[in-house]
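So the structure is just underneath, and the comments pick up after that.
Counting from 1, the numbers follow the sequence of the chain as shown.
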Amino acid sequence: MKRILGLVIVIFFLSCDKERTNRNPYLQEIGFRFDINLNLPLYSPLTNDGSSIFIANSQVGTRGAFVTNTGFNMYRVFEASCPNHAPNDCSTMTLDGIVATCSCDDYEYSTITGQLLNNPQDGTRYYDMLEYRATFDGQNIIIISN
């Protein structure tokens, strides 16, 4: 029995990954929680599938967040600061439908997937949007957090 327990412990420690995830060096991951009440007119567009809004609130992320209704009471939330620049005067992205655009370099990102849509093929590492947690509580409240 001790040998089996010892073997399990050895396998557990050997399976631990020593590599850290490749985090975005431009964006700091700030801890926060923000509730969105879908009954309020400001957030009512999120009751429609496929719609996105920009939350320009200093309590949400670095520069606010984009929230998208992806259907079936599922929501995706992404940081509004361009993921390929340190926060500066031009790094807060603008929203047009479900596409967020960085005015620093005109990079476009999907607010459904967070992916860079017009990725330059120059061999440089480009980052996708930083995603936050989104939970729908069933009572018309979306809780976003990090």
With rounding to the nearest 0.5 Å, note down the distance linking [atom1] in [X] to [atom2] in [Y].
{"X": "D49", "Y": "F72", "atom1": "CG", "atom2": "CZ", "answer": "7.5 Å"}
{"X": "N57", "Y": "L42", "atom1": "CG", "atom2": "CG", "answer": "9.5 Å"}
{"X": "N37", "Y": "L46", "atom1": "CG", "atom2": "CG", "answer": "11.5 Å"}
{"X": "R76", "Y": "I98", "atom1": "CZ", "atom2": "CD1", "answer": "12.0 Å"}
{"X": "D35", "Y": "I141", "atom1": "CG", "atom2": "CD1", "answer": "6.0 Å"}
{"X": "F34", "Y": "I142", "atom1": "CZ", "atom2": "CD1", "answer": "10.5 Å"}

Say whether, by atom type as modelled, one donor and one acceptor occur between the side chain of N146 and the main chain of I30 under 3.5 angstrom.
yes
Under 3.5 Å: donor-acceptor pair, side chain of N118, backbone of E108:
yes
With clusters defined by side-chain heavy atoms of hydrophobic residues (ILVMFWY) lying less than 4.5 Å apart, directly or transitively, does [Y] cluster with [X]?
{"X": "L40", "Y": "I53", "value": "yes"}
{"X": "F32", "Y": "I143", "value": "no"}
{"X": "V99", "Y": "L116", "value": "no"}

Could you walk me through whether D105 and H85 pass the side chain to side chain contact (heavy atoms under 4.5 Å, CB included) check?
CA-CA 10 Å; D105 48 25; H85 296 284; 2.5 Å; yes
Within-4.5 Å side-chain heavy-atom neighbours: [X] and [Y]:
{"X": "S81", "Y": "L27", "result": "yes"}
{"X": "L130", "Y": "N24", "result": "no"}
{"X": "T47", "Y": "N69", "result": "no"}
{"X": "D128", "Y": "P83", "result": "no"}
{"X": "D96", "Y": "T94", "result": "no"}

Are more than 12 heavy atoms, taken from residues, nucleotides or ligands other than D89, located less than 6.0 Å from that residue's CG atom?
no
Assess whether atom CD of E29 is packed by more than 12 heavy atoms of other residues, nucleotides or ligands within 6.0 Å.
yes
Where do N88 and C90 come nearest, in terms of heavy atoms and distance?
OD1-N, 2.8 Å
Distance-minimising heavy-atom pair for M129 and E79
CE-O, 3.5 Å
Worked check of side chain to side chain contact (heavy atoms under 4.5 Å, CB included) between T68 and F78:
CA-CA 9 Å; T68 302; F78 294 98; 5.8 Å; no
Could you check whether T111 and S52, counting side-chain N and O atoms only, form a donor-acceptor pair closer than 3.5 Å?
yes
Check the side chains of R63 and T92 for a donor-acceptor pair under 3.5 angstrom, ignoring hydrogens and angles.
yes
Intermediate values then yes/no, disulfide (SG to SG under 2.5 Å), C82 and C104
CA-CA 8 Å; C82 182; C104 298; 5.9 Å; no
For a ring-ring contact (aromatic ring centres under 6.0 Å, His included) with F66, tell me which candidate from F54, Y75, Y109, Y132 qualifies.
F54
Give the C-alpha distance, both sets of side-chain angles, the deciding distance and a yes or no for side chain to side chain contact (heavy atoms under 4.5 Å, CB included) between I36 and I144.
CA-CA 8 Å; I36 299 171; I144 58 176; 4.3 Å; yes
